[in-house]
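Excluded from the calculations below are hydrogen atoms, water molecules and symmetry mates; all remaining heavy atoms, backbone and side chain alike, are included.
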Amino acid sequence: MALNYKPIFKLDTHKGVIRCLSFHPSKPLLASGGEDKYVYIWDCATRKALFFCEGKATPLCLAWTEQDDTLHCGFADGYLLSIRPDDQTRSLSGPFFKAHSCPITCIAVHQSGKWLATAGGHDIRIWSREDLKCVWRRSTVLDPPPMVAWNARSDVIVTSLHWMQKEDIPGEAAGCKPAYESSGNFENFDQVANSSPRNLLVSYRDHGVVRWDIQDRRALGVLNVTEQIASADCSPDSCYIAVSDFQGNVDVYDVSTGLPVNSFAAQSGGQETAAFAVKFIHAGEALLVCNSAGDVVIFDLESRTEIQALKARSLTLARSTSNNRNLPAFAAKHYYDEGDVLQIAIGSATPTSSDFTLWQATEVPSARSQLDSDLTGRMDSANTDIHSKSKLSLWVWMTAGLAAMVGYILYRQQK
């Protein structure tokens with residue numbers, strides 16, 4: 001069965017450009033933040049805004065903790081807000097504090113719900129809490145990334161944060177190569193225990209991808225990328241990382257070896273355009289690529305072919321304040337309880353309004369399966385006709401037999 005991605009609805013409650021979108025890990029909820037300083041939580045089933053709150057600055061990044069249904073928001077003024085829905089007032093409220101002295105551009109929540117990583121400019125801070133009711137406390141601050149001659153004078157700017165999951169990080173259990181060796185583009189990797197939450201994967205605009213040991217505050221390895229990194233995403237099993245540059249190129253690397261395993265170029269109408277955001281979807285079997293032209297392209301990793309392009313028509317994707325680069329606001333989520341259902345939210349904006357569109361992937365039969373279905377239907381129809389004719393023939397013979405018997409009895413009575 002092939003997949004076809006179709007828009008199911010569009011919402012335009014925000015009065016400013018949408019900066020960030022985030023799905024709840026297990027519930028049909030979607031959070032959005034815009035330049036109007038509002039954060040909304042939407043019900044994807046009813047298409048209604050359930051809760052909202054207004055901040056003092058623009059929200060730039062969002063992340064959920066599933067355990068307590070809390071939405072964590074990073075704002076342009078450096079504040080971190082952890083908010084929960086209030087059913088009585090239909091608003092969002094919660095503790096907030098000054099986490100960075102500059103805009104918080106990236107946020108990542110550990111699967112335990114007790115660890116949080118935030119990035120503002122060059123600064124990466126790790127936060128922890130003893131239980132879900134406690135407020136966040138700063139655990140550590142990471143040092144600047146390792147540098148080489150060609151990027152030593154470049155500004156340190158973080159473009160993504162990714163926790164390497166305990167049960168899914170590279171190793172024998174995940175089916176990846178267990179050893180970390182100085183091969184490929186990775187340098188100075190140590191063999192380390194994959195204890196969580198020890199490992200954090202960080203991508204920098206000019207300093208490659210660094211794997212950090214947050215407990216010892218040391219870099220375990222560096223993936224040096226020659227081009228600037230606009231965006232990066234780690235696969236669900238933490239075996240691969242996809243990075244995009246500002247020239248429309250997307251490369252996928254094996255985290256264990258640092259070797260490239262795939263390469264793509266985002267295109268629109270036959271013209272190559274710059275790709276700014278990437279995300280693994282379909283359990284890491286496909287890659288979602290957003291480019292500056294307002295197009296979203298989905299690639300199959302195994303066949304290296306384009307599955308479908310989701311056209312944003314004449315809309316311009318939301319612009320980020322980080323480095324004056326155009327970064328689209330988008331999110332994706334699987335719903336396994338209802339089958340293999342994928343939803344993709346894409347933020348866009350025009351000079352007069354702002355909205356986001358929710359796309360959903362549905363299975364469509366291929367030409368061969370459709371032919372098989374037609375043949376099966378015809379055979380079933382033929383079998384039904386034969387069965388009906390057989391029943392009719394049997395009825396005719398029974399009626400004729402009964403008439404002959406009645407006639408014979410009447411004949412005997414007349415004699």
- Test side chain to side chain donor-acceptor pair (under 3.5 Å) applied to Trp136 and Ser128, step by step: CA-CA 5 Å; Trp136 294 106; Ser128 63; over 6 Å; no
- Message: Quick check on Lys98: does its NZ atom have over 12 non-hydrogen neighbours (other residues, nucleotides or ligands) under 6.0 Å away?
- Response: yes
- Does a salt bridge link Arg198 with Asp216, judged by any charged N lying under 4.0 Å from a carboxylate O? yes
- Message: Nearest 0.5 Å, please: how far is SG in Cys53 from CD1 in Ile41?
- Response: 8.0 Å
- Spell out, as yes or no, whether a donor-acceptor pair under 3.5 Å connects the side chain of Ser235 to the backbone of Tyr240. yes
- Polar side-chain atom of His72 near backbone of Leu80 as donor-acceptor pair, under 3.5 Å: no
- Query: Is it true that Asp245 and Arg205 make a salt bridge, defined as a side-chain N closer than 4.0 Å to a carboxylate O?
  - Reply: no
- Task: State whether the side chain of Asp233 and the backbone N or O of Phe280 hold a donor-acceptor pair below 3.5 Å, judged by distance alone.
- Result: yes
- Query: Between Thr257 and Leu259, is there a donor-acceptor pair closer than 3.5 Å when you use the side chain of the first and the backbone of the second?
  - Reply: yes
- Okay, side chain of Asp155, backbone of Ile157: is any donor-acceptor separation there less than 3.5 Å? no
- Note on the structure: Nearest heavy-atom approach of Trp163 to Ala117 is CZ2-CB, 3.9 Å
- Message: Does this structure show an ion pair linking Asp69 with Arg84, if we count only N-O contacts that are shorter than 4.0 Å?
- Response: no
- Message: Any side-chain to backbone donor/acceptor pair from Asp251 onto Ser263? Under 3.5 Å, distance only.
- Response: no
- Working to the nearest 0.5 Å, report the span between CZ of Arg304 and CG of Leu287. 12.5 Å
- Does atom CZ of Arg138 have more than 12 heavy-atom neighbours from other groups under 6.0 Å away? no
- Within the distance-only criterion (no hydrogens, no angle test), does the side chain of His282 pair as donor or acceptor with the backbone N or O of Gly284 below 3.5 angstrom? no
- Backbone of Leu21 reached by a side-chain donor or acceptor of Ser32 within 3.5 Å: no
- Could you walk me through whether Lys37 and Lys56 pass the side-chain contact (heavy atoms from CB on, under 4.5 Å) test, one step at a time? CA-CA 7 Å; Lys37 303 179 182 179; Lys56 295 182 179 180; 5.9 Å; no
- Message: Is there a ring pair (Phe, Tyr, Trp, His ring centres under 6.0 Å) between Trp42 and Phe52? Walk through the geometry before answering.
- Response: CA-CA 9 Å; Trp42 306 85; Phe52 70 93; over 10 Å; no
- Message: Taking CD in Glu54 as the centre, count heavy atoms belonging to other residues, nucleotides or ligands within less than 6.0 Å. Is the count above 12?
- Response: yes
- Query: Would Asn151 and Ser154 count as a side chain to side chain donor-acceptor pair (under 3.5 Å) if you check the C-alpha gap in whole Å, the side-chain angles of each, and the deciding distance to 0.1 Å?
  - Reply: CA-CA 5 Å; Asn151 61 17; Ser154 301; over 6 Å; no
- Task: For residues Ile344 and Ile298, determine if any side-chain heavy atom of one lies less than 4.5 Å from a side-chain heavy atom of the other.
- Result: yes
- Query: Counting distance only, does the side-chain N/O of His100 pair as donor-acceptor with the main-chain N or O of Cys102 below 3.5 Å?
  - Reply: no
- Are side-chain heavy atoms of Asp123 and Val141 found at a separation under 4.5 Å? yes
- Task: For the residue pair Cys20 and Leu60, establish whether any side-chain heavy-atom pair is separated by less than 4.5 Å.
- Result: no
- Message: I'd like to know if the side chain of Lys333 reaches the main chain of Leu342, judged simply by a donor and an acceptor atom lying under 3.5 Å from each other, with no hydrogens or angles considered.
- Response: no
- Could you tell me whether Tyr40 and His14 have their ring centroids closer than 6.0 angstrom? yes
